[in-house]
Amino acid sequence: MLSGQDLTLRRGGARIVDGVTLAVQEGEVLGLIGPNGSGKSTLMRLLAGLLRPDQGQVTLEGQPLAALGPRGVARRLAFVAQFSETAQRLTVRDAVELGRTPWLDARAPWSPQDEAHVTHALSLLDMAGFEARDWASLSGGERQRVHIARALAQTPRILMLDEPTNHLDIRHQLQVLDLVARLPLTVVMALHDLNQAMRCDRLAVMQAGRLVALGPPAQVLDDALLCDVFGVRAQRLTDPDDGSAILRFQPR
Amino acid sequence: MSVAAASAPLTRQGLRAARQAAWVTAVLTAALLAGICIGETPISVTTVLQVLANRLWGADHALDAIEAGIIWSYRLPRTLVAGACGAGLAICGLVLQSLLRNALADPWLLGISAGASTGAVLVTVAGLGGGMVAMSGGALMGALTAFALVAGLARLSGGGPGARGAGQIVLAGIAGSQLFNALTSFVIAKSASAEQARGLMFWLLGNLSGVRWPDVHLAVPAALIALIVVAAHARSLDAFAFGAESAASLGVPVRRVQVVLIGAAAMAAAVMVSITGAIGFVGLVVPHAARLLVGVRHGRLVPASALIGAVFLIGADILSRVLIPGQVLPIGVVTALVGAPIFAVILIRHRGAS
Ligand SMILES: Nc1ncnc2c1ncn2[C@@H]1O[C@H](COP(=O)(O)OP(=O)(O)OP(=O)(O)O)[C@@H](O)[C@H]1O
Ligand SMILES: [Mg+2]
């Protein structure tokens, strides 16, 4: 589906992504975890074609990103950055309509279908009542939800979210995680909450630019890795309702 | 049912487009007529229409030859160039504001007009022909050099989107303007003969006196080309709202769009400067006024800015001719009198937002 071979990016003499090889499988939710500065956002930018690797290559549906072109990539893959702001007086609806950009040109002007995609995306993120609101008047979490709605309006097959639950209250955190699990999409998302990461299909763990583990959460998040990569000890509790594991952390 | 549903919005769109076209034509015609009629010698609309009929359709109205001469060789080309120049500078300012994500961007403030002046003067003095096209070419080189220098300086000094970046690029623009204005003064003082020199004030402040038909044939196509190129990229410009990376993730070929649009904007500014000198504040003020009227989406913002720019500069030209009886002010004086206070308001509002 989406894969990177031997991706390396150097900045200022350091390798901030260092020889990462990763294949995202169709329909899975892949969580990207790792400490601050470990290269998660940079790896996502490489995979989304927003940065060009110094070494290695990214392929999307079997084709190199360069062969697809920016529009071709944007029709298949939507990316929500960790921070993204504007000083323009856009409304919420304006912002979500931007998601239709890769599908529009002189021969395909704005249509009722585009309208429907935008309305649907807004309702999925609980933002239907906010359409006329000014961007500047939104709270941080509302902005985050508008960004995700914009990405969904892009009708991609792959959704890449950099810390999507940042800024969100607990109900909307759960809502967004449920939503991405439920939608028939391939999802790659960077996360910091390891209990949320447990709900992903697979986890990729970054440390100092390297991919140090890749696999199902229960396998990846073992004591040695938690201690080595994150510097914490974990206790495993069991949810009496459904028997799922809950991690509780202490400093090492 | 599906046919009706599909064709209904189409006809509605067609109607809206027709209504807008009628609007634009009416406003533009009114502004042009005002620009021709009002002046030291007021001329009636009937006379103007009769002269136009004589010239354009070979009608045969009996007219005063002097009046007809004023209208055809003096006021009409002057008003047309004012309109084209206003539209071109407004589009240039809009493109810079959207691509740099900076509310204070303007070809004059960023030193682009000053660079264009230097380029035009250099070409004239070097004897590469004082022809308008050669001068415009020199102005374009100067404009692009100035933009590269100012953008580079702003970047090195930590500029970027946001309030601080906005400040940095204006500071860099001041440095650029000063440098290129000094170069212009230097070149004129050192080597220009009296006939070659249009005078320093012309290049620094902008002036529409002396505009003739050949200038119209350059200014109007330049404004139209800039308008068409930029309007064709309206959606790409929208996509820059959240920055270049966000635009790239929406499938916009960022580098190519930047090159094409900055090129078109610099071309428009350079042609206008080579004809009228550096007129300030139009590119800053007009896009903000247009946003207040039609919102931030470029599909409407681009044509609205062009129209408002044309009307604004035609109005400023009229003012420059009637403000002091018996004397014509340089048009740049009028635009600065209007523009500087508005610049101050934007500066204060911008601070409040950050
Ligand atoms: N242009 C650059 N020049 C130098 N260093 C950079 C550059 N871009 C990123 N870095 C560094 O690369 C490292 C990885 O950055 P990245 O944003 O990918 O981390 P991250 O895993 O997303 O962190 P976080 O959890 O804080 O979001 C950081 O140490 C950062 O400082
Ligand atoms: Mg990050």
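Throughout, protein chains are lettered first and strands after them, A, B, ... in sequence-line order, and every chain is numbered starting at 1.
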Quiz item: By side-chain contact (heavy atoms from CB on, under 4.5 Å), which residues pair with Val24(A), not counting sequence neighbours?
Solution: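 Expected list: Leu2(A), Glu28(A), Leu30(A), Thr186(A), Val188(A).
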
Given heavy-atom pairs under 4.5 angstrom as the criterion, report whether the side chain, backbone, both or neither of [X] touches chain B.
X         : answer
Gln154(A) : side chain
Ala48(A)  : neither
Leu50(A)  : side chain
Trp103(A) : neither

Quiz prompt | Closest approach of Gln88(A) to Val296(B) (non-hydrogen atoms, all atoms of both residues) | solution =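 Nearest pair, atom of Gln88(A) first, then Val296(B): OE1-CB, 3.7 Å.
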
Quiz item: Any idea which of Pro109(A), Gly69(A), Ser84(A) has the most non-hydrogen atom pairs under 4.5 angstrom with chain B?
Solution: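 Of the options given, most contacts go to Ser84(A).
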
How about [X]: does its [atom1] atom have over 12 heavy atoms from other parts shown lying under 6.0 Å from it?
X         : atom1 : answer
Arg300(B) : CZ    : no
Glu61(A)  : CD    : yes
Arg10(A)  : CZ    : yes
Gln113(A) : CD    : no
His192(A) : NE2   : yes

Quiz item: Who wins among Ser98(B), Ala248(B), Gly243(B), Gly251(B) for the most heavy-atom pairs under 4.5 Å with chain A?
Solution: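 Sorted descending by pairs with chain A, the first entry is Gly251(B).
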
Taking atom [atom1] of [X] and atom [atom2] of [Y], what is their separation to the nearest 0.5 Å?
X         : Y         : atom1 : atom2 : result
Thr101(A) : Arg235(B) : OG1   : CZ    : 7.0 Å
Arg75(A)  : Leu250(B) : CZ    : CG    : 13.0 Å
Phe242(B) : His147(A) : CZ    : NE2   : 4.5 Å

Self-check item: Sequence neighbours excluded, every pair satisfying side-chain hydrogen bond (donor to acceptor under 3.5 Å, both in side chains) that has a member inside residues 236-254 of chain B
Solution: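 Applying side-chain hydrogen bond (donor to acceptor under 3.5 Å, both in side chains) to every pair that reaches into residues 236-254 of chain B, excluding sequence neighbours, yields Arg45(A)-Glu245(B), Asp238(B)-Arg297(B), Asp238(B)-His298(B).
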
